[in-house]
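Lettering of chains follows the sequences in order, A, B, ..., and the numbering in each one begins at 1.
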There are 2 protein chains.
Amino acid sequence: MYRRRDSQRDQLVAEIANELRQYSVDAQHIGHAFAGLHGLNPTDLHALIAVMDAELLGTPLTPGRLGEQLNISSGSVTALVDRLERAGHIRRDRDTADRRKVFLHYADRGAALAMEFFQPLGRRTDRVMADFSDAELEIVHRFMTTMVTAMREYRDAVRAARPDPPRRPAG
Amino acid sequence: MYRRRDSQRDQLVAEIANELRQYSVDAQHIGHAFAGLHGLNPTDLHALIAVMDAELLGTPLTPGRLGEQLNISSGSVTALVDRLERAGHIRRDRDTADRRKVFLHYADRGAALAMEFFQPLGRRTDRVMADFSDAELEIVHRFMTTMVTAMREYRDAVRAARPDPPRRPAG
DNA sequence: GCGGATAATCTCGCCTGTCGAGATACTCGA
DNA sequence: TCGAGTATCTCGACAGGCGAGATTATCCGC
């Protein structure tokens, strides 16, 4: 395998993969630190963002859906929603049509917190993107779109895998 | 602000920011699910990757450094390293020069697990990148490099912030 | 309108990870 | 050798997550 041309490209690919990994690790650390800073745990922050996302899309989350997204049990969801509601971040609202359902809406405090989280982040990403032309951003956009799709596939694959493999060293 | 030309670009910027966010969320979910699949928790997986990274760079991690990277207490680090060592993922090695120090090296099982984690991921990212020319990947590379730098700045800023703000609703 | 099946959420007891202060082991300079 | 400083580990307390079962509400056939 002495394709000299490709080794250059291979290195490029490896570096990008590495950067993607670093990015996600850093993002995780940021979430962790920010959550701790405000007396939340990572799950709480995650949930808060999910609730906002869903509501901004016009399809408010129910506890059940939230649990699916976060991959946590129903009992944990109740505790989670309790915490967030008690802290004034979100609000529970019964669906008038189907009164078994509960919709989660973010409250003022939750919106403020999310903004406080995303604004500095947005400022930084904007500053980065300012150095790129429209055409370049188009490429980045295309890249990220397909990458997100690929990640979601992997996520679903991992989630679908057997949750109980035999991995004891001594059976 | 009626710069019509920019509204197109603004939308592009917003979409990329959104994709970056989705990417990191998905990455977190993948880590969470994969860890659970193998009887670990997210911190364990995170630590395992950090240990491998450091070792591949030729500067093995110590428990103290690991705790800094993960932003967890010394007590948690000990428990974490105990778990990983007990499961055969990593190994403790005393520094011969300064016997207070402990170096963390990954063991076979840890290497296998990391590979099992990264290989499917790598296959997917490779497949995505195959659809991009060298020039395009260069752009993506430049983008990710600066983005990672920006994220790291934000991370450090959040970590440096006061860890105990007065946020009780009723004093 | 009534009763059983179904669905969404909540309650409860247990387990595990994390914290943080203090103990222990080691190094270095005087 | 002594004492200050550093790295790691120990221990008790607390909080989040799990998952089975209880609770409340809806749907459907009669």
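- Atom CG of A:L37 sits about 11.0 Å away from atom CZ of A:F117, to the nearest 0.5 Å.
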Practice problem: Any chance you could lay out the side-chain contact (heavy atoms from CB on, under 4.5 Å) test for A:L56 and A:Y106, step after step, and finish with the verdict? | Solution: CA-CA 10 Å; A:L56 291 178; A:Y106 65 86; 4.3 Å; yes
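- For A:R92 (side chain) and A:V102 (main-chain N/O), no donor-acceptor pair under 3.5 Å exists by modelled atom type.
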Show every donor-acceptor pair shorter than 3.5 Å between a side-chain atom in residues 70-77 of chain A and any protein atom, with sequence neighbours excluded, or say none if there are none.
from: A:S73; atom 1: OG; to: A:S76; atom 2: N; distance (Å): 3.4
from: A:S73; atom 1: OG; to: A:S76; atom 2: OG; distance (Å): 3.0

Name the atoms and distances for all side-chain donor-acceptor pairs under 3.5 Å in residues 61-69 of chain B, with sequence neighbours left out.
from: B:T62; atom 1: OG1; to: B:R65; atom 2: N; distance (Å): 3.3
from: B:R65; atom 1: NH1; to: B:E68; atom 2: OE1; distance (Å): 2.7

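- For B:D156, the side chain to side chain donor-acceptor pair (under 3.5 Å) test picks out no residue, with sequence neighbours left out.
- For the residue pair B:A114 and B:M52, the shortest heavy atom distance occurs at CB-SD, 3.2 Å.
- Here B:R92 lies in heavy-atom contact (under 4.0 Å) with sugar-phosphate atoms only.
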Could you list all N or O pairs between the protein and nucleotides 18-21 of chain C that sit under 3.5 Å apart?
from: C:dT18; atom 1: OP1; to: B:T43; atom 2: OG1; distance (Å): 2.7
from: C:dT18; atom 1: OP2; to: B:R83; atom 2: NH2; distance (Å): 3.1
from: C:dC19; atom 1: OP2; to: B:S73; atom 2: N; distance (Å): 2.7
from: C:dC19; atom 1: OP2; to: B:S73; atom 2: OG; distance (Å): 3.1
from: C:dC19; atom 1: OP2; to: B:S76; atom 2: OG; distance (Å): 2.6

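- Across residues 97-104 of chain A, A:D98, A:R99, A:R100 each have a non-hydrogen atom less than 4.0 Å from an atom of DNA chain D (numbered order).
- Within the structure, salt bridge (charged side-chain N to carboxylate O under 4.0 Å, His left out) contacts touching residues 32-49 of chain B (residues at least two apart or in different chains) are B:D44-B:R83.
- Nearest-nucleotide mapping onto DNA chain D: of B:G64 and A:D95, the residue sitting toward the 5' end is B:G64.
- Note on residues 48-81 of chain B: no pairs pass ring-ring contact (aromatic ring centres under 6.0 Å, His included), not counting sequence neighbours.
- Identified under the salt bridge (charged side-chain N to carboxylate O under 4.0 Å, His left out) test for residues 46-56 of chain B, with sequence neighbours left out: A:R21-B:D53.
- Legend: residues meeting side-chain contact (heavy atoms from CB on, under 4.5 Å) with A:D95, ordered by chain and number and at least two apart, are A:A97, A:D98, A:K101, A:F103.
- For DNA chain D, the span of nucleotides reached by chain A at under 4.0 Å from its heavy atoms goes, 5' to 3', from D:dG16 to D:dT26.
- Screening residues 116-130 of chain A for salt bridge (charged side-chain N to carboxylate O under 4.0 Å, His left out), with sequence neighbours left out, gives A:R124-B:E153.
- Less than 4.0 Å separates DNA chain D from no heavy atom of any residue of residues 49-61 of chain B.
- Checked by atom type and distance alone, the side chain of B:R91 never pairs as donor or acceptor with a backbone atom of B:H105 at under 3.5 Å.
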